[in-house]
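Below is one structure, written out as structure tokens; comments come after it.
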Amino acid sequence: MTPPSSATPRHWLMKSEPEECSIDDALAAPGATVPWTGVRNYQARNFMRDGMQVGDGVLFYHSSCAEPGIVGIARVASGTRADPTQFDPASPYHDPKSPPDAPRWLLLDVQALRKTRLLGLPELRQHPELADLRVLQKGSRLSITPVDLPHWERIMALLDTQA
DNA sequence: GCCAACGTTGGC
DNA sequence: GCCAACGTTGGC
């Protein structure tokens with residue numbers, strides 16, 4: 001019997017600035033699980049709300065740093081809930097326009113599974129079969145992007161090789 | 001630090 | 001609904 005498409009495993013790439021939350025930070029957190037706070041983009045929010053399911057595979061990506069690239073494997077560990085930082089005036093993620101009775105911004109928990117070798121942007125670009133990967137597109141700024149299964153599998157294989 | 005690309009805001 | 005101005009992202 002074929003499972004419904006809603007049960008199909010999905011895969012994602014999630015960007016994190018290592019100065020905010022590195023793969024080491026995530027692995028060191030209780031249960032290696034961190035609330036993915038600070039998403040302030042509607043498309044990324046909608047991926048969390050409408051697309052991501054507990055157990056989905058996540059490529060943990062370091063951005064805005066000396067060596068941007070994939071640095072670990074994680075999984076989606078919860079459904080969405082309101083991101084509390086949107087209501088915190090002291091937070092850089094504060095959003096005074098978000099109605100408390102209808103929170104604009106969501107987060108979900110991400111559980112780090114393991115650190116990998118750095119699979120950096122230049123190396124990713126060397127592989128033509130990965131050319132469609134969203135994070136390789138010019139001007140790609142989305143902090144959460146879906147990853148097609150063939151891309152996921154290719155990246156898993158690359159992570160098992162030397163750079 | 002630079003700057004291209006992008007998303008959001010707000011005047012009209 | 002258009003679009004210019006602005007702020008942010010993120011690689012380099």
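Each chain gets a letter, A, B and so on, in the order the sequences are listed, and its residues count up from 1. Treat the numbers as computed from the prediction; the structure is a model and nothing was measured.
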How close or far is atom P of C/dG11 from atom CG of A/Leu133, stated in whole angstroms?
13 Å
Counting the benzene-type ring for Trp, do A/Tyr42 and A/Trp105 have ring centres under 6.0 Å apart?
yes
Single-linkage hydrophobic cluster A/Leu159~A/Leu124, side-chain heavy atoms < 4.5 angstrom
yes
Just checking, any donor-acceptor pair under 3.5 angstrom between side chains of A/Ser63 and A/Glu17?
no
Could you state whether A/Ile144 and A/Leu142 fall into the same hydrophobic cluster, counting links through intermediate Ile, Leu, Val, Met, Phe, Trp or Tyr residues with side-chain heavy atoms under 4.5 angstrom apart?
yes
Please determine, by modelled atom types, if A/Trp36 and A/Asp109 share a side-chain donor-acceptor pair under 3.5 angstrom.
no
Strictly below 4.0 Å, N to O, side chains only: are A/Arg117 and A/Glu123 in salt-bridge contact?
yes
Protein-nucleotide distance (A/Lys15, atom NZ; B/dC6, atom P), rounded to Å
11 Å
Measure the shortest side-chain to side-chain distance between A/His62 and A/Pro68 over non-hydrogen atoms and say whether it is less than 4.5 angstrom.
no
I need the residues from residues 63-74 of chain A with at least one non-hydrogen atom less than 4.0 Å from DNA chain C; give them sorted by number, or say none.
A/Ser63, A/Ser64, A/Pro68
In this structure, which one of A/Arg40, A/Gln86, A/Arg104 forms a side chain to side chain donor-acceptor pair (under 3.5 Å) with A/Ser98?
A/Gln86
Can you give me the N/O atom pairs linking the protein to nucleotides 7-10 of chain B at distances under 3.5 Å, or say none if there are none?
none

